[in-house]
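Some notes on the structure that comes next.
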Amino acid sequence: QVQLVESGGGLVQAGDSLRLSCAASGRTFSVYAMGWFRQAPGKEREFVATINWNGDYVDYTDSVKGRFTISRDNAKNTVYLQMNSLKPEDTAVYYCARGRANISRYAASYHYWGQGTQVTVSS
């Protein structure tokens with residue numbers, strides 16, 4: 001059974017930074033791509049960022065490029081999302097997910113999901 005536990009969310013002001021963490025159980029964390037998605041109230045879940053098994057390949061949605069950085073530490077079974085220059089439109093519940101071997105922007109490619117962590121950015 002794979003479990004993903006996000007942490008690091010909170011209430012911040014526009015322009016501030018947060019780092020989200022996602023700790024994964026299981027011994028095969030390092031072979032899978034990981035992703036971050038978010039869902040704002042009244043909106044569908046959307047792709048934010050993804051990283052391949054060793055960090056060589058990453059992808060971001062356009063709205064966070066240059067502000068967010070995804071990374072991973074396979075020794076700690078943890079994936080991170082560093083979020084800088086936060087904007088009110090970044091307000092959402094952020095979910096991490098475990099995917100397949102290759103990175104993907106599509107939620108259907110991810111088979112395990114965390115419970116989410118709330119990020120609220122005030123103006």
Side-chain angles (χ1 to χ4, degrees):
Q1 183 73 12
V2 175
Q3 288 189 319
L4 303 174
V5 180
E6 302 97 334
S7 61
L11 171 62
V12 297
Q13 294 186 331
D16 285 351
S17 298
L18 278 176
R19 188 176 81 156
L20 305 184
S21 299
C22 173
S25 64
R27 293 177 291 178
T28 57
F29 170 82
S30 62
V31 304
Y32 294 102
M34 297 293 294
W36 286 97
F37 290 74
R38 66 187 179 187
Q39 188 167 18
K43 295 187 177 182
E44 293 187 352
R45 190 173 298 189
E46 67 170 350
F47 165 76
V48 176
T50 182
I51 187 168
N52 79 319
W53 71 276
N54 66 355
D56 281 354
Y57 296 98
V58 296
D59 189 23
Y60 301 93
T61 192
D62 286 347
S63 63
V64 308
K65 284 181 180 178
R67 299 190 298 122
F68 290 12
T69 302
I70 189 171
S71 61
R72 66 190 297 164
D73 184 339
N74 288 339
K76 296 182 178 179
N77 277 16
T78 302
V79 62
Y80 305 98
L81 186 67
Q82 177 67 42
M83 305 186 296
N84 298 329
S85 302
L86 282 161
K87 303 175 181 180
E89 51 263 46
D90 294 319
T91 295
V93 177
Y94 283 72
Y95 299 89
C96 76
R98 196 191 84 173
R100 299 173 181 169
N102 299 318
I103 59 173
S104 173
R105 291 181 167 220
Y106 302 101
S109 298
Y110 295 83
H111 301 142
Y112 296 95
W113 295 79
Q115 82 290 348
T117 186
Q118 177 70 48
V119 172
T120 303
V121 185
S122 63
S123 57

Quick check against the 3.5 Å criterion: does [X] have a side-chain atom that pairs as donor or acceptor with the backbone of [Y]?
X      : Y      : value
Arg105 : Phe47  : no
Thr91  : Val121 : yes
Glu6   : Cys96  : yes
Gln115 : Val5   : no

Taking C-beta and beyond as the side chain, do [X] and [Y] meet within less than 4.5 Å on heavy atoms?
X     : Y      : answer
Val2  : His111 : no
Phe37 : Tyr110 : yes
Val79 : Trp36  : yes
Arg45 : Trp113 : yes

If every non-hydrogen atom of [X] is compared with every non-hydrogen atom of [Y], which pair is closest and at what distance?
X      : Y     : answer
Val64  : Val48 : CG2-O, 3.8 Å
Ala92  : Ala40 : CB-N, 3.8 Å
Tyr60  : Thr69 : OH-CA, 3.3 Å
Ser123 : Pro88 : CB-CG, 3.8 Å

Inter-residue atom distance [X].[atom1] - [Y].[atom2], 0.5 Å rounding:
X     : Y     : atom1 : atom2 : answer
Asp73 : Phe29 : CG    : CZ    : 8.0 Å
Leu4  : Ser25 : CG    : OG    : 7.0 Å
Ile70 : Gln82 : CD1   : CD    : 12.0 Å
Asp59 : Asn52 : CG    : CG    : 11.0 Å
Ser71 : Met34 : OG    : CE    : 11.5 Å
Arg38 : Glu44 : CZ    : CD    : 14.0 Å

Asn74: what forms a side chain to side chain donor-acceptor pair (under 3.5 Å) with it, not counting sequence neighbours?
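Testing Asn74 for side chain to side chain donor-acceptor pair (under 3.5 Å), a comparison that skips the adjacent residues, returns Arg72.
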
Sequence neighbours left out, what passes side chain to side chain contact (heavy atoms under 4.5 Å, CB included) with Thr28? Give chain and number order.
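Per chain and number, Thr28 pairs via side chain to side chain contact (heavy atoms under 4.5 Å, CB included) with Val31, Tyr32, Arg98.
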
Under 6.0 Å from the [atom1] atom of [X], do we count more than 12 heavy atoms belonging to anything else shown?
X      : atom1 : answer
Asp16  : CG    : yes
Lys65  : NZ    : yes
Gln118 : CD    : yes

Lys87 bridged to Asp90 by N-O distance under 4.0 Å
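Not counted as a salt bridge, because no side-chain N and carboxylate O are separated by less than 4.0 Å.
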
Among the clusters formed by ILVMFWY side chains lying less than 4.5 Å apart, do [X] and [Y] turn up in the same one?
X     : Y      : value
Ile51 : Tyr95  : no
Val93 : Val12  : no
Trp53 : Tyr112 : no

